[in-house]
Enquirer: 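Can you read through this structure? Questions will come right after.
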There are 2 protein chains.
Amino acid sequence: MLTYTEENYLKALFKISFDNDNEEVGTNELATYLAVKPATANDMLKKLKDKGLVDYEKYGKITLTKTGKKFAIDVLRKHRLWETFLFEKLDFSWDEVHEVAEQLEHIQSQKLVDKLDKFLNYPEFDPHGDTIPNKKGEMKVQFKKTLSEVAVGSSCKMVAVKDNSSSFLQYVVKVGLGINNEIKVLSKQEYDKLTDIEVNGVKSSVSQKFAENIFVVCKNCAVGKPCSEPSVCEIK
Amino acid sequence: MLTYTEENYLKALFKISFDNDNEEVGTNELATYLAVKPATANDMLKKLKDKGLVDYEKYGKITLTKTGKKFAIDVLRKHRLWETFLFEKLDFSWDEVHEVAEQLEHIQSQKLVDKLDKFLNYPEFDPHGDTIPNKKGEMKVQFKKTLSEVAVGSSCKMVAVKDNSSSFLQYVVKVGLGINNEIKVLSKQEYDKLTDIEVNGVKSSVSQKFAENIFVVCKNCAVGKPCSEPSVCEIK
DNA sequence: TAATAAAGTTAGATTAATCTAACAAATAAA
DNA sequence: TTTATTTGTTAGATTAATCTAACTTTATTA
Ligand SMILES: [Mn+2]
Ligand SMILES: [Mn+2]
Ligand SMILES: [Mn+2]
Ligand SMILES: [Mn+2]
């Protein structure tokens, strides 16, 4: 059985790597992410190594073992199921769910997870558009791109947010955007990188930084990979 | 902010006292209840005293302060709301809910408790018939008695169980009993204290020990106080 | 009431998770 | 290729929660 803290370290390692094109993770990076000191993370890494959850050599990079990855994905699954529960059933707004899910993700009960999953009708995405791993640990991934990559004149559909901070999420709502909204990219200012968009007939302008944190899928785009091609990412 | 463990101690102090006619609680009793050693409980009592949550002098009895009681009741409220959620919404059986609720009761989010309460339509009793404190900390109490106190020839309604262990709860189901069932007391064997009862037209016999762990309300009983007289127990 | 038992306390140790401060290794810059 | 910077490690300390073993106080009983 893992402790609350061990679970957080494993989840952090998985997320840091997964959200950055499966890059290798270092001690300081991990420590920063978890808001602890490098010395603390270093101690924990030794423990996780002893337990066979991470591959790690002194001064080397950190990777999750198969077992470590399994646990990490399980915590992520619980986190996102709880977020969905709070959002769908208890009327939390999408900027409020994360904090509470950070606690709920550590409740130990396989039966609870299974029942919750069923109660929510086996959701595939959480309120932020992030994929919810299924019971086997498989994650549906979409070939999504950011709004900043969409060519002028194209239309796309918002599917997720990259920045999950409540300040950003509230801002997104304020701008009139939400998951599944159709976004038309009208034009881009070369001078200050502002992007003019149209959502539900309403026009507005968003900054480059903003556009980089909105994930979309679309066809006929000038940049990036084909969208709307869901596939399944198996656990290696 | 209280720790997980501090919350458990406060809840334990409240329950030991409440379930035994508001008796005063001792260190060893508390330790036994929480399955820790007396030395451990003693250390914690000092801490809780420092925090103003218990009244306690060396070698004396332990009582909760007003603040301590408030926290204890809040944990109890969360515990019983979660039990109700698991039972009503996720189809857990009544012998499975306690263990998971022991974890869920420590989730810190006032909003979550309020929303959950609303989602469950402000329930007054949990799956075991125990009263759920409302937001103000008020607890509806029934003048219930045990099945063993009911006179031969009387009828009564089962409202709760005294023993919450899953083995007992499973046994109750096996015997064909459940909350809100009408129970007719047919006869009692003087020799071995067996009680013959009838539930939904089905007759069976239960032991003295069993009968002492079933709470009922009824009119026209020979023993005990008047039933069916709900009142509200304010926080003193 | 004196002996015995029960209840409660203290001292010292352990484990998990964290920190600071000093140090070492690896990488980047000059 | 030295030097400087970044990255990572170690040693020693702290806090919360727990334990064992020894000790003290209170309560019971003979
Ligand atoms: Mn967490
Ligand atoms: Mn999310
Ligand atoms: Mn608890
Ligand atoms: Mn209950």
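By convention in this document, chain letters (A, B, ...) are assigned in the order of the sequence lines, proteins followed by strands, and residues within each chain are numbered from 1.
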Enquirer: Report yes if the distance between the aromatic ring centroids of A/His98 and A/His128 is under 6.0 Å, otherwise no.
Expert: no

Enquirer: Please give, in whole Å, the distance from D/dG8 C1' to A/Glu57 CD?
Expert: 14 Å

Enquirer: Separation of A/Leu34 atom CG from C/dT18 atom C1', in whole Å?
Expert: 13 Å

Enquirer: Tell me whether the side-chain N/O atoms of B/Thr5 come closer than 4.0 Å to OP1 or OP2 in D/dA16.
Expert: no

Enquirer: What is the distance, rounded to the nearest whole Å, between atom CG of B/Leu45 and atom C1' of C/dG8?
Expert: 10 Å

Enquirer: Tell me whether the rings of B/Phe210 and B/Tyr171 are parallel (<30°), tilted (30 to 60°) or perpendicular (>60°).
Expert: perpendicular

Enquirer: Does A/Asn28 have a side-chain nitrogen or oxygen under 4.0 Å from the phosphate oxygens OP1 or OP2 of D/dG8?
Expert: yes

Enquirer: Tell me yes or no: between the side chains of B/Glu29 and B/Thr32, is some donor less than 3.5 Å from an acceptor?
Expert: no

Enquirer: Can you see whether B/Asn8 engages B/His106 through a side-chain donor-acceptor pair at a distance of less than 3.5 angstrom?
Expert: yes

Enquirer: Strictly under 6.0 Å, is that where the ring centroids of B/Tyr9 and B/Tyr4 end up?
Expert: no

Enquirer: Separation of A/Leu30 atom CG from D/dT6 atom P, in whole Å?
Expert: 20 Å

Enquirer: Could you run down nucleotides 19-26 of chain C 5' to 3' and tag each one B, S or - for protein heavy-atom contact under 4.0 Å?
Expert: BB----S-

Enquirer: Starting from C1' on C/dA7, measure out to OH on B/Tyr33 and report it in whole angstrom.
Expert: 20 Å

Enquirer: Check the distance between C/dG8's C1' and B/Lys46's NZ and give it to me in whole angstrom.
Expert: 10 Å

Enquirer: Touch check for A/Tyr4, heavy atoms < 4.0 angstrom, all strands: base, sugar-phosphate only, or nothing?
Expert: nothing

Enquirer: When the distance from CG of A/Leu2 to C1' of C/dT15 is rounded to whole Å, what number comes out?
Expert: 16 Å

Enquirer: Without placing hydrogens or testing angles, list every side-chain donor-acceptor pair under 3.5 Å for residues 158-166 of chain B, not counting sequence neighbours.
Expert:
residue	atom	partner	partner atom	Å
B/Asp163	OD1	B/Ser165	N	2.8
B/Asp163	OD1	B/Ser165	OG	3.0
B/Asp163	OD2	B/Ser165	OG	3.4
B/Ser165	OG	B/Ser167	OG	3.3
B/Ser165	OG	B/Phe168	N	3.3

Enquirer: Grab the NZ-C1' distance between A/Lys51 and C/dT15 for me, whole Å please.
Expert: 11 Å

Enquirer: May I ask you to decide if A/Thr3's main-chain N or O and A/Glu6's side chain share a donor-acceptor pair within less than 3.5 Å?
Expert: yes

